[in-house]
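The structure appears below as structure tokens.
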Amino acid sequence: ACLTADIVLSTLQNVVDGLVVYPKVIERRINAELPFMATENIIMTMVKKGGDRQECHEQIRVLSHQAAHVVKAEGGDNDLIERIRRNPYFEPIWDELDQLLDPKTFIGRAPEQVDKFIEHHVKPALAPYADIIKNKTKTELNV
């Protein structure tokens, strides 16, 4: 079990050491899914402006299915927001769509929770190994 854990951790270290993050790729993927995630916010904003929840839900449902068809069957980009911008029913919130699609409004308390977890759990768990971590040696996996 110890040898298995060692090789799993060594492999994980090799993967993470070579990890490259491409923010533009992440942004593109988020933007592809965000319109579907924002539909509830759009509905709620329409209701606040006096819209009927059932009617708004039906309008969103139809437009979402059309946009999903473009993405899934045609391989195109998610055009749900453009469909909402062209639909006169949603005119009362057209000027608020950019705010409703801000990705930061979908993360809740995640940043604070991560900071708290690192401070209260990760740092204390790593503290006994500070010297080892500071003098880190490279582990290699040859297959």
Would you be so kind as to tabulate the donor-acceptor pairs closer than 3.5 Å made by side chains of residues 30-49, with sequence neighbours excluded?
{"unit_1": "Asn31", "atom_1": "ND2", "unit_2": "Glu27", "atom_2": "O", "d": "3.2"}
{"unit_1": "Thr39", "atom_1": "OG1", "unit_2": "Phe36", "atom_2": "O", "d": "3.0"}
{"unit_1": "Glu40", "atom_1": "OE2", "unit_2": "Arg53", "atom_2": "NH1", "d": "3.4"}
{"unit_1": "Glu40", "atom_1": "OE2", "unit_2": "Arg53", "atom_2": "NH2", "d": "3.2"}
{"unit_1": "Thr45", "atom_1": "OG1", "unit_2": "Asn41", "atom_2": "O", "d": "2.8"}
{"unit_1": "Lys49", "atom_1": "NZ", "unit_2": "Glu96", "atom_2": "OE2", "d": "2.6"}

Here the gap from Leu9 atom CG to Asn14 atom CG, rounded to the nearest 0.5 Å, amounts to 11.0 Å
Partners meeting salt bridge (Lys or Arg N to Asp or Glu O under 4.0 Å) with Asp77 (sequence neighbours left out): Arg28
Tell me whether Gln99 at atom CD has more than 12 heavy atoms from other residues, nucleotides or ligands lying less than 6.0 Å away. no
Pairing of Asp95 and Arg85 as salt bridge, 4.0 angstrom limit: no
How about CD1 on Ile107, more than 12 heavy atoms from neighbouring residues, nucleotides or ligands closer than 6.0 Å, or not? yes
Is there any ring pair (Phe, Tyr, Trp, His ring centres under 6.0 Å) pair reaching into residues 86-119, and which pairs are they, with sequence neighbours excluded? Phe117-His121
Could you state whether Ile60 and Leu97 fall into the same hydrophobic cluster, counting links through intermediate Ile, Leu, Val, Met, Phe, Trp or Tyr residues with side-chain heavy atoms under 4.5 angstrom apart? yes
Taking C-beta and beyond as the side chain, do Tyr129 and Asp131 meet within less than 4.5 Å on heavy atoms? no
May I ask you to test the Asp79-Val71 pair for a side-chain heavy-atom distance under 4.5 Å? no
Applying a strict under-4.5 Å side-chain criterion to I, L, V, M, F, W and Y, I'd like to know whether Leu101 and Leu63 cluster together. yes
Interatomic spacing from CG in Asn78 to OG in Ser64 - rounded to 0.5 Å: 8.5 Å
Going hydrophobic residue to hydrophobic residue with side-chain gaps under 4.5 angstrom, can you get from Val20 over to Val25? yes
Short side-chain to backbone donor-acceptor contact, Asp102 and Thr105, under 3.5 Å: no
Going by heavy atoms in the side chains, are Lys116 and Glu112 under 4.5 Å from each other? no
Under 3.5 Å, is there a donor-acceptor pair linking the side chains of Gln54 and Glu58? no
Nearest 0.5 Å, please: how far is NZ in Lys72 from NE2 in His65? 8.5 Å
Linked, directly or transitively: Val8 and Val15 (ILVMFWY side chains, under 4.5 Å): no
